[in-house]
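Atoms within a ligand are numbered from 1 in the order they appear, just like the ligands themselves. Treat the numbers as computed from the prediction; the structure is a model and nothing was measured.
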Amino acid sequence: MQKFSGLELLRRALGGHKSWQPQWRNPDPKPEYDAVIIGAGGHGLAAAYYLAKEHGITRVAVLERGWLGGGNTGRNTTIVRSNYLFDESAALYEHSVKLWEGLSQDINYNVMYSARGVLMLAHNIHDVQSFKRHVHANRLNGVDNEWLTAEQCKEFCPPLNISSMRYPILGGALQRRGGTARHDAVAWGFARAADARGVDIIQNCEVTGIRRGADGAVEGVETSRGFIRTKKIGVSAAGHTSVVMAMAGVRMPLESYPLQALVSEPVKPAFPTVVMSNTIHAYISQSDKGEMVIGAGTDAYTSYSQRGALHITTHTLDAICELVPQFRRLRMLRNWGGIVDVTPDRSPIIAKTPVPGLYVNCGWGTGGFKATPGSGNVFAHTIAKDAPHPINAPFTLERFRDGFLIDEAAAAAVAH
Ligand code: FAD
Ligand code: PYC
């Protein structure tokens with residue numbers, strides 16, 4: 001790690017960025033790599049990093065059609081938690097939270113992981129039963145989660161209105177180790193760390209085809225910058241996974257929906273934790289800049305439009321004003337959307353595919369940011385060993401044929 005004296009830090013800060021080095025190279029694609037990852041979101045970059053770090057595979061290219069981190073990685077509301085119901089999911093998301101806890105040190109980049117707690121509100125008896133079940137299941141799996149009464153919710157997060165007529169708060173499930181991280185920093189940190197280990201990150205390079213040989217195995221990718229030969233392709237293309245997998249002739253059990261978020265004008269620290277309300281489809285946290293970061297539900301219809309419908313945000317803001325009345329005076333600054341890829345059981349697919357040499361990491365729906373390091377870690381294992389890590393072994397493509405579903409609809413948080 002580079003260390004600077006206070007004076008040197010000041011000189012650099014005021015020096016017009018003149019001595020700042022680019023954080024990663026901007027290489028041209030080579031004719032051949034040992035592995036190619038499609039998509040330079042957090043998941044693809046993390047997979048490349050762990051391929052190099054843990055498996056010694058450094059002849060790797062990450063191909064990105066736009067700019068790195070410009071997909072859902074740079075568009076999400078940054079919530080990190082591991083309070084999922086089933087054993088398989090608890091293992092996967094908890095693996096990720098453990099990596100979050102040491103990530104800034106590991107990649108030597110401050111990802112601003114802030115374990116300020118994630119509080120999931122219950123508004124009706126069904127919510128109470130469902131969240132208590134999650135609390136019990138999580139604790140059996142060694143994942144922290146606790147039940148708070150309505151008064152304890154108010155004590156933990158004073159701005160909450162616990163006696164709203166429309167959305168009364170009956171209690172909440174609190175995961176204290178949950179929180180937020182800075183999403184851009186996650187992409188940049190993984191990019192810099194992967195690049196430093198020899199990975200080529202190639203932006204403005206769209207994959208337009210996947211070439212397969214006579215035996216059906218992958219031979220390489222057609223791109224907007226020419227053909228690149230490789231025997232291993234990892235697809236981490238989030239909302240566009242179906243499109244990319246179709247290039248290899250694989251039909252995916254996915255639907256793609258717009259999901260939107262918005263931020264308010266910045267204000268002084270006013271909101272101490274992350275609050276999620278699955279019933280209302282609203283979640284709130286305060287960024288380090290002071291903005292209230294607010295997320296809504298998915299659109300009702302599939303689309304690649306990358307902007308959500310207005311009535312969805314209107315509903316979310318109505319509900320948030322009811323939950324936190326003091327926010328009525330806040331002005332909203334901007335909103336945006338991302339395209340999320342949703343599986344029938346609301347759990348991801350991190351797996352080999354029927355095509356030799358083709359691996360896929362997708363189906364994170366509205367909730368893959370929290371999984372970025374863990375998913376990248378086990379996806380790298382799957383690609384390197386041509387076999388899943390025990391943690392992602394249940395998250396196959398075949399489960400939708402065989403019926404071994406991991407139904408996390410209730411933990412997935414946002415309507416989808
Ligand atoms: P991305 O970051 O989307 O990366 C995929 C990349 O693939 C893109 O950069 C894209 O350009 C590239 N690509 C696609 N096709 C091609 C091609 N043909 N050639 C080359 N490149 C290609 N999750 C949480 O855990 N917590 C949250 O609070 C949360 N909030 C969310 C809020 C919103 C509004 C949205 C949209 C999502 C949210 N999510 C959240 C979900 C989370 O953002 C995603 O699951 C996660 O970021 C996916 O990461 P990724 O790296 O797989 O995808
Ligand atoms: O998965 O925690 C989550 C989440 C919150 C908002 C969108 N996704």
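Taking only non-hydrogen atoms, the option from V186, V340, T241, T73 nearest to atom 2 (O) of ligand 1 is T73. For atom 41 (C) of ligand 1, the nearest non-hydrogen atom from the set N72, T366, D341 comes from T366. Counting only non-hydrogen atoms, the option in N335, N76, T180, I37 that gets closest to atom 38 (C) of ligand 1 is N76.
When only interatomic distances are considered, the shortest N/O to N/O separation between G367 and ligand 1 falls below 3.5 Å. The shortest N or O to N or O distance between T77 and ligand 1 is under 3.5 Å. In terms of polar-atom proximity, Y283 is not counted as a contact of ligand 2, lacking any N or O under 3.5 Å from an N or O of the ligand. The N/O atoms of T77, backbone and side chain alike, include none that comes under 3.5 Å of an N/O atom in ligand 2. Residue-to-ligand polar distances place E64 within reach of ligand 1: an N/O pair is separated by less than 3.5 Å. Residue contacts with ligand 1: G66 is placed with no nitrogen or oxygen under 3.5 Å of a nitrogen or oxygen of the ligand (distance criterion only). Between G368 and ligand 1, an N or O atom pair is found at a separation short of 3.5 Å. Here's the thing with K370: one of its N/O atoms is less than 3.5 angstrom from an N/O atom of ligand 1.
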Worksheet item: Taking it one step at a time, do Q175 and N145 satisfy side-chain hydrogen bond (donor to acceptor under 3.5 Å, both in side chains)?
Response: CA-CA 4 Å; Q175 182 173 32; N145 199 356; over 6 Å; no

Discussion item. Pair D345, R399 - check side chain to side chain contact (heavy atoms under 4.5 Å, CB included), show working.
Written reply: CA-CA 10 Å; D345 65 359; R399 75 179 188 272; 2.8 Å; yes

Fill in: Chi angles and distances behind the salt bridge (charged side-chain N to carboxylate O under 4.0 Å, His left out) call for D318, R166
CA-CA 11 Å; D318 279 353; R166 279 173 78 193; 5.0 Å; no

Worksheet entry | Full working for ring pair (Phe, Tyr, Trp, His ring centres under 6.0 Å) between W24 and F190 | CA-CA 10 Å; W24 45 82; F190 272 123; over 10 Å; no

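Within 6.0 Å of CZ on R25 lie more than 12 heavy atoms contributed by other residues, nucleotides or ligands. Heavy-atom neighbours of R251 CZ from other residues, nucleotides or ligands within 6.0 Å: at or below the threshold of 12. Open room surrounds CZ on R229; 12 or fewer heavy atoms of other groups in view lie less than 6.0 Å from it.
Under 4.0 Å from ligand 1, not a single heavy atom of V243 appears. Counting heavy atoms under 4.0 Å from ligand 1, residue H183 does not touch it at all. Here L63 has backbone heavy atoms under 4.0 Å from ligand 1, and that is the only part of it that gets that close. The proximity of C362 to ligand 1, defined as any non-hydrogen pair under 4.0 Å, does not occur for either the backbone or the side chain.
Closest to atom 26 (N) of ligand 1, if we only count protein heavy atoms, is I79 O, 3.0 Å. When only non-hydrogen protein atoms are considered, atom 18 (N) of ligand 1 lies nearest to V207 O, 3.1 Å. In this structure, atom 35 (C) of ligand 1 lies nearest to the protein heavy atom L259 CD2, 3.3 Å. In terms of protein heavy-atom proximity, atom 4 (O) of ligand 1 is nearest to G41 CA, 3.4 Å. Ranking protein heavy atoms by distance to atom 14 (C) of ligand 1, first place goes to A237 CB, 3.7 Å. Protein heavy atom closest to atom 16 (C) of ligand 1, with residue, atom name and distance, is R65 CD, 3.7 Å. The protein non-hydrogen atom at the shortest distance from atom 49 (O) of ligand 1 is H43 CD2, 3.3 Å. Protein heavy atom at the shortest distance from atom 53 (O) of ligand 1 is A238 CB, 3.2 Å.
Ligand 1 lies out of reach of G69, whose nearest heavy atom is not under 4.0 Å from it. Remark: distances from the non-hydrogen atoms of C205 to ligand 1 include one below 4.0 Å. At least one heavy atom of G42 sits under 4.0 Å from some atom of ligand 1.
Aromatic ring pairs are classed by plane angle as parallel below 30°, tilted from 30° to 60° and perpendicular above 60°; the pair Y167 and H123 is perpendicular. Aromatic ring pairs are classed by plane angle as parallel below 30°, tilted from 30° to 60° and perpendicular above 60°; the pair Y93 and W364 is perpendicular. In this structure, H381 and H389 have perpendicular ring planes: the angle between them is above 60°, well past the 30° mark.
If you check the side chains of N138 and E94, you find no donor sitting under 3.5 Å from an acceptor. One side chain, Y359 or D386, offers a donor N or O that lies under 3.5 Å from an acceptor on the other. Side chains of R116 and S114: a donor-acceptor N/O pair is present below 3.5 angstrom, by distance only. There is a side-chain donor-acceptor pair under 3.5 Å between T382 and N392.
Closest approach of Y33 to T230, counting heavy atoms only: O-OG1, 3.1 Å.
Listed by first and then second residue, the ring pair (Phe, Tyr, Trp, His ring centres under 6.0 Å) pairs that reach into residues 196-238 come to none, sequence neighbours excluded. Here salt bridge (Lys or Arg N to Asp or Glu O under 4.0 Å) pairs that include residues 319-330, with residues two or more places apart or in two chains, number zero.
Within ligand 1, the atoms closer than 4.0 Å to a non-hydrogen atom of G365 are 41 (C), 45 (O), numbered from 1 in the order shown. Counting the atoms of ligand 1 from 1 in the order shown, those under 4.0 Å from a heavy atom of A261 are 34 (C). Numbered from 1 in the order shown, with element, the atoms of ligand 2 that lie under 4.0 Å from a heavy atom of G367 read 1 (O). Less than 4.0 angstrom separates some heavy atom of R75 from each of these atoms of ligand 1: 33 (C), 34 (C). Within ligand 1, the atoms closer than 4.0 Å to a non-hydrogen atom of G39 are 6 (C), 7 (O), 12 (C), numbered from 1 in the order shown. Ligand-side atoms of ligand 2 in range of T366: 1 (O), 4 (C), 7 (C), 8 (N), range being under 4.0 angstrom from any heavy atom. Within ligand 1, counting atoms from 1 as listed, the ones closer than 4.0 Å to a heavy atom of W364 are 45 (O).
The main-chain N or O of G70 is found under 3.5 Å from a side-chain atom of R75 such that the two form a donor-acceptor pair.
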